[in-house]
Amino acid sequence: MLVVYDDASDQRSFSLDETSSADNSPDGAGLSLDTANESVPYMGQRFPTHDSAYEFYSEFAKRCGFSIRRHRTEGKEGVGKGLTRRYFVCHRAGNTPAKAANQSKPQRNRKSSRCGCQAYMRISKVMEPGVLEWRVTGFLNRHNHGLLEPNQVRFLPAYRTISDADRSRILMFAKTGISVQQMMRLMELEKCVEPGYLPFTEKDVRNLLQSFRKIDPEDETVDLLRMCRSIKEKDPDFKFEYTVDSSNRLENIAWSYASSVQSYEVFGDAVVFDTTHRLTAFDLPLGLWVGINNYGMPCFFGCVLLREESSRSYSWALKVFLGFMNGKAPATILTDQNMCLKEAIDLEMLTTKHALCIWMIVAKFPSWFNAVLGERYNEWKAEFFRLYNLELVEDFELGWRDMVNSFGLHTNRHIINLFTFRSLWALPYLRSHFFAGLTATSQSKSINSFIQRFLSAQTRLAHFVEQGTSSVDFKDQRGEQQTMQQNLQNISLKTGAPMESHASSVFTPFAFSKLQEQLVMAAHYASFQMEDGGFLVRHHTKAEGGRKVYWSPRDGVITCSCHLFEFSGILCRHSLRVLSTGNCFQIPELYLPVRWRRISTSSSLKSRNSNSPDDHAERVQLLQSMVSSLVTESSKSKERLDIATEQVSALLSRIREQPISSPGMREITPPAIERIV
């Protein structure tokens with residue numbers, strides 16, 4: 001008898017008793033099976049074809065929480081001729097044999113789902129006068145593993161399908177350049193299904209797009225390197241690094257533009273490293289380094305394309321990025337949940353605080369919890385955000401336990417994972433670290449919008465890098481326009497406090513609006529002197545609690561237990577209340593960070609990169625602050641603007657008559673004045 005295995009590995013790892021029959025009665029994994037029920041396989045059950053038997057068993061498996069595959073075929077003259085018997089087995093049947101290591105290829109180290117499960121159904125061909133049919137001659141439903149819930153079983157590969165209509169739709173979306181994640185959301189809306197309920201996953205879509213790729217990847221990488229070298233010839237400050245494998249094929253490549261390196265000098269204290277995107281047309285993992293400037297607008301710092309998402313690849317990317325940025329590591333870096341990336345950051349950025357982007361986590365909530373929680377999903381989400389925004393660790397952990405109990409999420413793997421890594425994303429654990437507002441919803445939308453514009457070039461890899469140059473330039477021009485609009489707008493003072501007026505002349509409108517919120521709320525707080533010299537500050541309607549503030553007027557140092565300044569670079573209402581009580585009429589210099597001031601980015605960067613003395617740089621910053629104030633005051637009327645334009649024009653003429661550089665000094669151009677003229 002000829003025996004053919006659909007999977008060669010099954011021959012060694014899975015065995016069935018060929019005499020199995022009614023003795024192997026259905027008895028499995030918490031299931032109550034009634035052999036009289038036509039929806040359950042039973043001994044002697046008849047089917048016109050072996051394909052119809054497979055479809056029946058597959059539907060049964062789906063209802064029970066597993067999937068099946070064809071195991072082996074028996075016949076006298078080969079498959080499809082003298083076929084006499086077929087076996088269908090659980091998808092976790094057998095054991096995957098170890099593969100021989102191949103040094104020339106990267107190993108995926110993907111864990112197999114097979115665990116030697118013995119559940120199966122056997123059918124045999126029966127020939128009767130004028131009738132050919134298949135009958136169930138063996139059936140066992142005893143599993144050695146847990147069965148999936150209905151909302152989970154649909155994610156098994158056997159039940160994930162992309163119809164011809166959906167394939168056409170996906171390919172049309174791909175031509176527009178939108179991301180796979182956006183494709184999924186659009187198709188959910190079109191089909192009126194809940195998030196996470198399409199019959200296929202993001203991975204399936206990426207695999208489909210990869211199969212339709214028509215461009216030779218080797219030609220692409222040659223063009224990419226040629227483009228990078230061409231940009232480097234035109235702009236010596238353009239930076240790129242790459243690696244090749246043993247076959248001399250491009251493995252990884254990273255690049256950054258001159259303006260990006262300059263921006264990082266001032267605004268690289270808090271960085272988002274977004275690795276959740278892929279180039280749709282090429283299915284390549286993409287990493288983007290992004291931050292925000294003093295006007296609250298996104299800054300592009302760098303980009304990397306990787307062949308694989310591994311600790312080794314991410315370590316290389318981080319090393320190269322630090323090299324681009326002259327060895328300066330960010331104070332804080334925010335990423336997606338990625339263990340390989342976490343390992344690389346721990347290894348390459350020893351002094352950097354690593355945190356998880358809350359908006360990247362929240363984006364996954366619909367697929368994680370919508371089906372599990374049903375109608376209570378929105379209620380749970382509101383409770384999650386309440387816990388996320390708490391100030392004290394003790395309150396968070398107590399509230400989390402209550403939330404898990406209330407919603408019955410004790411065994412949910414996503415909840416368990418979130419709590420395990422809570423110190424990387426929950427605000428009670430992060431408030432003493434600087435984030436520059438990157439955790440705010442408004443900033444997440446702004447950065448996502450910028451990234452989508454940057455990803456719009458996905459037709460060719462080389463064009464992607466080239467368009468990146470124009471994209472960054474466009475961003476800079478747009479940023480300059482928004483900066484001028486912010487500077488020219490009239491700032492409305494709400495408290496009349498001298499500190500408010502002082503801050504409005506130093507901070508950008510974006511940063512000032514944040515401080516102004518705290519100043520307005522400070523008026524509703526009372527402060528009480530404590531025995532240790534500090535102050536207890538709490539809302540005037542509260543009789544207990546409050547924040548502890550310590551202020552040293554001599555040193556100009558003030559600290560608060562809420563850590564808002566450490567977190568955002570903006571003084572909190574509690575500190576402002578104590579300063580006001582202590583007759584302080586200006587914000588102490590220490591609490592006017594350069595990254596939030598009304599300074600021209602390019603001028604500040606040039607002064608920072610020069611070899612000039614510290615006092616020279618301070619004088620430049622003072623001049624820039626004066627220029628910002630000049631623009632603000634001059635824009636309030638036509639008469640003021642005429643006077644300012646006339647006087648500044650004359651002043652510029654005098655300045656241009658002077659030498660443009662001095663020993664140890666580099667030329668610093670004040671663009672704010674030139675724009676006025």
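Being a predicted model, the structure only gives us computed values, none of them experimental. Below, all heavy atoms of this structure are taken into account, side chains as well, without hydrogens, waters or symmetry copies.
Under the 4.5 Å side-chain criterion, counting only non-hydrogen atoms from C-beta, L306 is in contact with Y314. Between R598 and V506, every side-chain heavy-atom pair lies at or beyond the 4.5 Å cut-off. Proximity of L418 to Q337: side-chain heavy atoms (C-beta onward) are separated by under 4.5 Å at one or more points. By the 4.5 Å heavy-atom criterion applied to side chains, N326 and V261 are counted as neighbours. M183 is listed as a side-chain neighbour of I170, based on a closest heavy-atom distance under 4.5 Å. The side-chain heavy atoms of V290 and F273, taken from C-beta on, include no pair separated by under 4.5 Å. Side chains of R249 and R307 form a contact here, defined as non-hydrogen atoms less than 4.5 Å apart. Two residues are said to be in side-chain contact when any heavy atoms from C-beta on lie closer than 4.5 Å; S230 and R226 fail this criterion.
Here the two rings, on F300 and W289, have centers that are 6.0 Å apart or farther. F510 and Y295 have their aromatic ring centers separated by at least 6.0 angstrom. A ring-centre distance under 6.0 Å is not found for W255 and F324.
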Just do the salt bridge (charged side-chain N to carboxylate O under 4.0 Å, His left out) check on E589 and R597 with the steps written out, would you?
-> CA-CA 11 Å; E589 185 71 15; R597 294 193 187 196; 2.6 Å; yes
Give the intermediate values and the outcome of ring pair (Phe, Tyr, Trp, His ring centres under 6.0 Å) for residues F267 and F301.
-> CA-CA 10 Å; F267 309 119; F301 295 141; 8.2 Å; no
List the steps, then state whether side-chain contact (heavy atoms from CB on, under 4.5 Å) holds for V272 with C357.
-> CA-CA 8 Å; V272 173; C357 252; 4.1 Å; yes
Are Q262 and Y257 close enough, and set up right, to give a side-chain contact (heavy atoms from CB on, under 4.5 Å), and what steps lead you there?
-> CA-CA 9 Å; Q262 290 180 336; Y257 308 99; over 6 Å; no
Taking it one step at a time, do K319 and E241 satisfy salt bridge (charged side-chain N to carboxylate O under 4.0 Å, His left out)?
-> CA-CA 10 Å; K319 284 180 182 177; E241 294 285 347; over 6 Å; no
Trace of the side-chain contact (heavy atoms from CB on, under 4.5 Å) decision for C228 with I253 | CA-CA 10 Å; C228 286; I253 184 167; 3.9 Å; yes
Test log, rule side-chain contact (heavy atoms from CB on, under 4.5 Å), inputs V362 and F365 = CA-CA 5 Å; V362 172; F365 280 0; 4.0 Å; yes
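Nearest heavy-atom pair, M360 versus T335, reported as atom, atom and distance to 0.1 Å: SD-C, 3.9 Å. Taking each heavy atom of P330 and V271 in turn, the nearest pair found is CB-CG2, 3.8 Å. Closest approach of I415 to W400, counting heavy atoms only: O-CZ2, 3.8 Å. Pairing each heavy atom of I358 with each of T439, the nearest pair is CG2-O, 3.8 Å. Contact between N294 and T508 at its shortest, heavy atoms only, is O-OG1, 2.6 Å. Contact detail for G323 and K239: the closest heavy-atom pair is O-NZ, 4.3 Å.
Distance alone, capped at 3.5 Å, is enough to place a donor-acceptor pair between the S367 side chain and the K364 backbone. With hydrogens and angles disregarded, no donor-acceptor distance shorter than 3.5 Å links the side chain of T352 to the backbone of T332. Looking at R386, its side chain never comes within 3.5 Å of a backbone N or O of E383 through a donor-acceptor pair. Between the side chain of W596 and the main chain of S568, a donor-acceptor pair closer than 3.5 Å is present. With S313 contributing its side chain and E309 its backbone, the two residues share no donor-acceptor pair below 3.5 Å. With N338 contributing its side chain and C340 its backbone, the two residues share a donor-acceptor pair below 3.5 Å. Under a 3.5 Å cut-off, the side chain of S575 and the backbone N or O of L571 do not form any donor-acceptor pair. Judged purely by atom type and a 3.5 angstrom limit, D235 uses its side chain to pair as donor or acceptor with the backbone of D237.
The structure places CG of L519 at 4.5 Å from CG of L576, a figure rounded to the nearest 0.5 Å. In this structure, CZ in F567 is found 13.5 Å from SG in C572, a value given to the nearest 0.5 Å. With values rounded to the nearest 0.5 angstrom, L424 atom CG is found 4.5 Å from L356 atom CG. How far CG of N252 is from OG1 of T243: 4.0 Å, rounded to the nearest 0.5 Å. Rounded to the nearest 0.5 Å, atoms CG (L286) and SG (C303) are 4.5 Å apart. The CG atom of L208 lies 5.0 Å from the CD1 atom of I162; values are rounded to the nearest 0.5 Å.
Ring planes of F321 and Y264: perpendicular class, angle over 60° (limits at 30 and 60°). In this structure, F565 and Y591 have perpendicular ring planes: the angle between them is above 60°, well past the 30° mark.
Judged purely by distance below 3.5 Å, without hydrogens or angles, the side chains of S263 and S260 never pair a donor atom with an acceptor atom. Looking at S432 and E566, their side chains never bring a donor and an acceptor atom within 3.5 Å of each other. Counted by atom type alone, T420 and N417 present zero donor-acceptor pairs between their side chains at under 3.5 Å.
No salt bridge links R312 with E343; every basic N to acidic carboxylate O contact stays at or beyond 4.0 Å. Between R229 and E233, none of the side-chain N atoms (NZ, or NE/NH1/NH2) sits under 4.0 Å from a carboxylate O, so this pair counts as no salt bridge. Under 4.0 Å is where a charged nitrogen must lie from a carboxylate oxygen, and between D269 and K328 no such pair does. With respect to the salt-bridge test (charged N to carboxylate O, under 4.0 angstrom), the residues R573 and E517 do not qualify.
Remark: K232 is not positioned above the aromatic ring of F240, lacking an NZ or CZ atom under 6.0 angstrom from the ring centre and at most 45 degrees off the axis.
Partner of F384 under the ring pair (Phe, Tyr, Trp, His ring centres under 6.0 Å) criterion, chosen from F369, W425, Y377: W425.
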